[in-house]
Amino acid sequence: MMLTDPNQPIVAIATAPGRGGVGVVRVSGKGLAPLAAALLGQPARPRHAHFTRFTDEDGQPIDHGLLLYFEAPASYTGQDVVELQGHGGPLVLQLLQARCLQWLQILADQGQLPLAGRLAEPGEFTQRAFLNDKIDLAQAEAVADLINASTAQAARSAVRSLDGAFSARVHQLADDVLRLRVLVEATLDFPEEEIEFLQRADAQGQLAQARQQLQTIGQQARQGVALHNGLRVVLAGQPNTGKSSLLNALAQAEVAIVTDLAGTTRDVLQQTLHIQGVPVHVLDTAGLRDATDVVEREGVSRAWREVGRADAVLWVRDLSLRHQPQAQQADALVQQGLPPSLPCVTVWNKADLVAPAEHPPANDAALVVSATTGAGLDAIRRTLLQLAGAQSGAEAPFSARARHLHALKQTDEHLQTAQALLEDGANALDVVAEELRLAHAALGQVTGAVDTEQLLGHIFADFCIGK
Ligand SMILES: Nc1nc2c(ncn2[C@@H]2O[C@H](COP(=O)(O)OP(=O)(O)OP(=O)(O)O)[C@@H](O)[C@H]2O)c(=O)[nH]1
Ligand SMILES: [Mg+2]
């Protein structure tokens, strides 16, 4: 989205499309008192709910409802905002919107407004709130997260981000990094005393502390991201180990076809589970083997592709075949294909076929379950939650985006370089200063303290119109 004249009045239907009890048309811009007066037939009192009749240009009634006028800066966008609350029918709202645009044109023609109005772009109201310093970027994104939240937990986390919980942590860290920058840059001016000076101020200790703090924030942000995007977990393993049965058992629905034939599943099936409010996308895939059948072979290659882009894998194995050499061999091949860095939990399935005394010990890396009896399913759910980075029961302290994680990671890379250079002795202080500056800039990307138009356009384009 282009950044156009930020003062031009923008108009949008702010409520969701469709019929509803109440619908809202919103206008934001500079100097909208004349618009409020025109719509109302008299000057509007700020922050007062005026009950009125909305009419078209011929004086015919469109609807009756409320007009609210918020005077800058005490509004959502920080500009003058006029809100019309009418009945929530698509036609009524279209007419009200058109009437607002018409008045804005008239007022512009009369010279009461510098520019006529136009329809708002998606997210433009929130963008203006950002541009007018009502909220920062992380908060703006939280608005979208709140609107899109599919669980109560996701909504609560988004509200906390919107309240600035995430931003506050980032600001605090940015302050610490800034202090370090000041320290290092001040030292640059007094080269002969630099080492002693930095040592006295414990620059290294401060840097280590900042990285520690960054790690905590990163972990919480990861939880926030998991809450927003959901985790992708692939059920992978040899044919017939019970992957589809497990998907069905976890989803409590007959989603996938189950047969006793090896090679039943070919297409990738996805089911989203909500575990304690955290969305987890579980994918059932074709059993991994050297398939001869063309269709199955395609299924196997899709299965590997999903493994390649998964956040984690549940490696499903048949417990009743645990000691069978052929199955062991085939499992070894599966294991070779799993990326070593990918979090992977072994799920021994079909525990009902094996006497409990012969079960392997269950732990965090290996679960013993039965899709048939449902034994161990709770352990799988707990594991999925852990993989999502959520401590049991605790909810993500704030919502976050992959964009934030990226910025935090960049920050840490620069801090790490600075730390290494400092430890080496302070011969390259100017480089340390530069790394700290880059770390500071990377942190700024989270809250928008460092702004780039491209970033802005990208973020706000995801919004719905009227927000
Ligand atoms: N006894 C027992 N049988 C199971 C269990 N889970 C699955 N089965 C059976 O194992 C067979 C294979 O199950 P599926 O769920 O189709 O296995 P899959 O891993 O999806 O197989 P492919 O799609 O061919 O890769 C079916 O006959 C299931 O009824 C279990 O926990 N206990
Ligand atoms: Mg299957």
Side-chain angles (χ1 to χ4, degrees), residues 230-289 299 303 306-307 310-332 334-335 338 343-388 390-393:
L231 195 74
R232 284 172 76 83
V233 178
V234 170
L235 294 166
Q238 287 185 59
N240 242 355
T241 49
K243 300 178 292 301
S244 301
S245 306
L246 281 171
L247 178 73
N248 290 348
L250 288 167
Q252 296 178 309
E254 295 301 311
V255 194
I257 299 175
V258 169
T259 74
D260 54 7
L261 300 173
T264 304
T265 305
R266 276 93 189 274
D267 287 316
V268 176
L269 280 172
Q270 180 178 329
Q271 197 61 20
T272 300
L273 312 177
H274 288 285
I275 305 171
Q276 291 183 24
V278 178
V280 179
H281 313 295
V282 180
L283 292 96
D284 179 27
T285 57
L288 299 168
R289 66 169 169 183
E306 289 305 336
V307 167
D311 295 310
V313 163
L314 295 183
W315 180 18
V316 183
R317 306 172 70 177
D318 188 333
L319 185 62
S320 66
L321 302 177
R322 183 159 71 118
H323 299 298
Q324 203 210 55
Q326 216 180 337
Q328 285 175 341
Q329 242 171 28
D331 261 348
V334 170
Q335 191 173 26
L338 298 174
C344 172
V345 175
T346 299
V347 176
W348 288 109
N349 187 34
K350 308 198 187 181
D352 54 298
L353 297 180
V354 176
E358 287 169 37
H359 287 184
N363 55 44
D364 279 354
L367 308 175
V368 179
V369 311
S370 166
T372 303
T373 66
L377 289 182
D378 275 341
I380 295 187
R381 293 192 186 97
R382 269 199 302 279
T383 302
L384 290 173
L385 261 190
Q386 260 168 21
L387 289 171
Q391 290 103 16
S392 58

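Numbering of residues begins at 1 and proceeds along the displayed sequence. Just so you know, these numbers come straight off a predicted model, no measurement behind them.
Val233 has its side chain out of reach of Val313: every pair of non-hydrogen atoms, C-beta onward, lies at least 4.5 Å apart. Annotation: side chain of Arg381 is in contact with side chain of Leu377 (closest heavy-atom distance under 4.5 Å). Residues Asn248 and Val258 have side chains in contact (heavy-atom distance under 4.5 Å, counting atoms from C-beta outward). Thr241 has its side chain out of reach of Asn349: every pair of non-hydrogen atoms, C-beta onward, lies at least 4.5 Å apart. Asp364 has its side chain out of reach of Thr383: every pair of non-hydrogen atoms, C-beta onward, lies at least 4.5 Å apart. For the pair His281 and Leu231, the minimum side-chain heavy-atom distance is 4.5 Å or more. The side-chain heavy atoms of Leu283 and Leu235, taken from C-beta on, include no pair separated by under 4.5 Å. The shortest side-chain heavy-atom distance between Pro279 and Leu273 does not fall under the 4.5 Å cut-off.
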Report task. Tell me, with the steps shown, if Ile380 and Leu250 meet side-chain contact (heavy atoms from CB on, under 4.5 Å). Result -> CA-CA 9 Å; Ile380 295 187; Leu250 288 167; 4.1 Å; yes
- Taking it one step at a time, do Leu288 and Gln238 satisfy side-chain contact (heavy atoms from CB on, under 4.5 Å)? CA-CA 5 Å; Leu288 299 168; Gln238 287 185 59; over 6 Å; no
message: Apply side-chain contact (heavy atoms from CB on, under 4.5 Å) to residues Leu319 and Leu353 and explain how you reach the verdict.
response: CA-CA 8 Å; Leu319 185 62; Leu353 297 180; over 6 Å; no
Output, in order, the C-alpha distance, side-chain angles, deciding distance and verdict of side-chain contact (heavy atoms from CB on, under 4.5 Å) for Leu367 and Val345.
CA-CA 8 Å; Leu367 308 175; Val345 175; 4.0 Å; yes
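Within the 3.5 Å criterion, the main-chain N or O of Ala351 finds a donor-acceptor partner in the side chain of His359.
Contacts of Thr346 classified as side chain to side chain contact (heavy atoms under 4.5 Å, CB included), with partners at least two apart in sequence or in another chain: Trp315, Arg317, Trp348, Ala366. Scanning for side chain to side chain contact (heavy atoms under 4.5 Å, CB included) contacts around Glu358 gives Val354, with sequence neighbours left out. For Asn240, the side chain to side chain contact (heavy atoms under 4.5 Å, CB included) partners are Ala262, not counting sequence neighbours.
Between atom CG of residue Asp331 and atom CD of residue Gln324 there is a gap of 10.5 Å, rounded to the nearest 0.5 Å. In this structure, CD in Gln270 is found 10.0 Å from CG in Leu247, a value given to the nearest 0.5 Å. The distance from the SG atom of Cys344 to the CG atom of Leu314 is 8.0 Å, given to the nearest 0.5 Å.
Here the closest non-hydrogen pair linking Pro239 and Arg289 is CG-CD, 3.5 Å. When all heavy atoms are compared, the tightest approach of Arg322 to Pro360 is NH1-CB, 3.5 Å. Taking both residues in full, the closest heavy atoms of Ala310 and Val234 are given as CB-CG2, 3.6 Å, listed atom of the first, atom of the second, then distance. What you find for Thr285 and Ala303 is that their closest heavy atoms are CB-CB, 3.5 Å.
Within 6.0 Å of CD1 on Ile257 lie no more than 12 heavy atoms contributed by other residues, nucleotides or ligands.
Using a cutoff of 4.0 Å between basic side-chain nitrogens and carboxylate oxygens, Asp318 and Lys350 are scored as salt-bridged.
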